[in-house]
Each structure stands twice: as C-alpha cells, then as structure tokens.
Amino acid sequence: VTLRQLALGSAPGRATLVFPPDETARGSLDARIADQIRHEPHVAAVEVEVDTLDQQVASGLPEPDFGKLDVEGLELDVLQGMRTLMSRRHPRLYIELHGADAALKLHNVRAVAALLWEAGYDILHVESQSLLQRPEQLPGAIRGHLYCT
C-alpha cells in the first residue's frame, strides 16, 4: 500500500478541504458543503493537491478493479476524472452520495446515474436492493449507497 496525499477530482489543480477537526470524515471539497461546515465551531481547512484517477493510472498507479467513493459531494467530479478507466477496465464501484441539501443531493444522484449509465454500468441501490434503470427511480436513491457493475 502506498499512501498518496492528494484528492481525486475531474481535473488537476488545488482545492481547500474544510472539516471539523473532531469529525474529519465529514470534510469536503464541495463548495456548498464546505460553506455549511464553515459555520460550525472549531473548523479547520487545508489546501490539497487534486488529480484525476485517469492521470494517476497514466503515471503508474495500477488500474483498480474496485473503487469506493465517499467524497462528500464530489462523486460526479471523481467519476469524470476516471472516464478512461471506466471505459477500459470497468471497475466495480461502491458509492456513497452526498449533497448540501435534499435538492442538491437529488441533482447529484441524477448526474452520477446518468454518467454511470452512459458508461455502461448497472446500478444497484444497496439499501433497497433495487436495480436503478430509469430516472424516475432515482429519488429513492438519495438515501443510501450505490453498487455499480
């Protein structure tokens, strides 16, 4: 295992990760979620390098056959940054979806599902064990996780 101190996204660059120091798993690069966190007491922020998974693979990282995304609102960005990998290797994906509020989370679910369907993935909503095949099924997916094959 090699630890890489970087965030994944849709394009290389830098971003600010905002998080409550006593609950670091809630940290986010998503601007709306970060704004919510900034209103809490005892907030920390750190500048991070961002790269795409496709670029990391091109520079020598082995191609994964499974990915778990828990990126607090940046699910679409991370997936956009791994389009080449998804088309070439088609890794299985386990995705936890987030959004700053219910409307933004639903928007995120729709965008993520559209990208995954376009890439040829089947999407299972883990909690309901429902195969998501149509846009009208997506509102139920704002709670829970997606398993994509």
Side-chain angles (χ1 to χ4, degrees), residues 1-20 23-38 46-149:
V1 174
T2 302
L3 178 63
R4 296 180 184 223
Q5 292 189 22
L6 65 98
L8 294 176
S10 60
R14 297 199 58 78
T16 303
L17 176 65
V18 177
F19 58 95
E23 202 176 348
T24 56
R26 283 196 311 114
S28 184
L29 298 174
D30 179 84
R32 292 178 185 108
I33 294 173
D35 283 345
Q36 290 175 341
I37 295 170
R38 281 188 179 99
V46 62
E47 195 77 11
V48 296
E49 178 185 354
V50 179
D51 201 0
T52 68
L53 186 53
D54 283 342
Q55 183 60 41
Q56 288 291 303
V57 167
S59 66
L61 183 74
E63 289 186 341
D65 56 15
F66 177 80
K68 182 194 185 288
L69 279 67
D70 184 0
V71 293
E72 305 299 315
L74 282 222
E75 298 80 18
L76 183 62
D77 281 11
V78 172
L79 292 169
Q80 288 171 333
M82 58 185 281
R83 285 181 186 263
T84 301
L85 175 68
M86 288 192 304
S87 67
R88 184 173 54 236
R89 179 95 176 180
H90 207 79
R92 292 168 292 129
L93 302 168
Y94 186 84
I95 304 170
E96 183 173 332
L97 293 156
H98 295 276
D101 59 31
L104 290 169
K105 191 169 184 179
L106 180 57
H107 177 76
N108 191 27
V109 168
R110 287 181 172 141
V112 165
L115 186 146
L116 291 167
W117 285 329
E118 179 185 313
Y121 277 86
D122 291 325
I123 304 170
L124 177 74
H125 181 246
V126 174
E127 284 73 14
S128 69
Q129 291 295 296
S130 299
L131 191 60
L132 304 177
Q133 299 175 306
R134 298 177 314 280
E136 58 270 15
Q137 293 176 289
L138 296 176
I142 66 169
R143 289 190 174 84
H145 304 82
L146 305 179
Y147 181 68
C148 313
T149 57

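Computed over heavy atoms, backbone and side chain alike; hydrogens, waters and symmetry mates excluded. The residues of the chain are indexed from 1 along the displayed sequence. Predicted model, so just to flag it, every value in this text is computed and none were measured.
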| request: Please indicate whether H90 has more than 12 foreign heavy atoms, meaning atoms of other residues, nucleotides or ligands, lying under 6.0 Å from its NE2. | output: yes
| query | Where is the tightest heavy-atom contact between L131 and L124, given as atom of each residue plus distance? | reply | N-CD1, 4.0 Å
| N/O donor-acceptor pair under 3.5 Å between W117 side chain and P135 backbone | no
| Do the side chains of P139 and R110 get nearer than 4.5 Å, heavy atoms only? | yes
| remark: Smallest heavy-atom separation, D30 atom then G73 atom, equals OD1-O, 3.9 Å
| So do L93 and L146 actually touch side chain to side chain, heavy atoms under 4.5 Å? | no
| query | So, D35 and R38, do they make that salt bridge, N to O below 4.0 Å? | reply | yes
| Would one find more than 12 heavy atoms of other residues, nucleotides or ligands at under 6.0 Å from atom CZ of R92? | yes
| message | Filter on salt bridge (charged side-chain N to carboxylate O under 4.0 Å, His left out), then keep only pairs touching residues 54-78, sequence neighbours left out; what's left? | response | E63-R88, D65-R89, K68-D70
| message | For residues 1-10, which residue pairs pass the side-chain hydrogen bond (donor to acceptor under 3.5 Å, both in side chains) check, not counting sequence neighbours? | response | R4-Q56
| Flag side-chain contact, heavy atom, 4.5 Å: L116 against I95 | yes
| query | Are any non-hydrogen side-chain atoms of P12 and T52 less than 4.5 angstrom apart? | reply | yes
| Minimum-distance pair of heavy atoms, taken over all atoms of A100 and Q36 | O-NE2, 2.7 Å
| note | Across all chains, not counting sequence neighbours, the side chain to side chain donor-acceptor pair (under 3.5 Å) partners of H145 are E96, E127
| query | Between L53 and L8, which heavy-atom pair has the shortest distance, and what is it? | reply | N-CD2, 3.9 Å
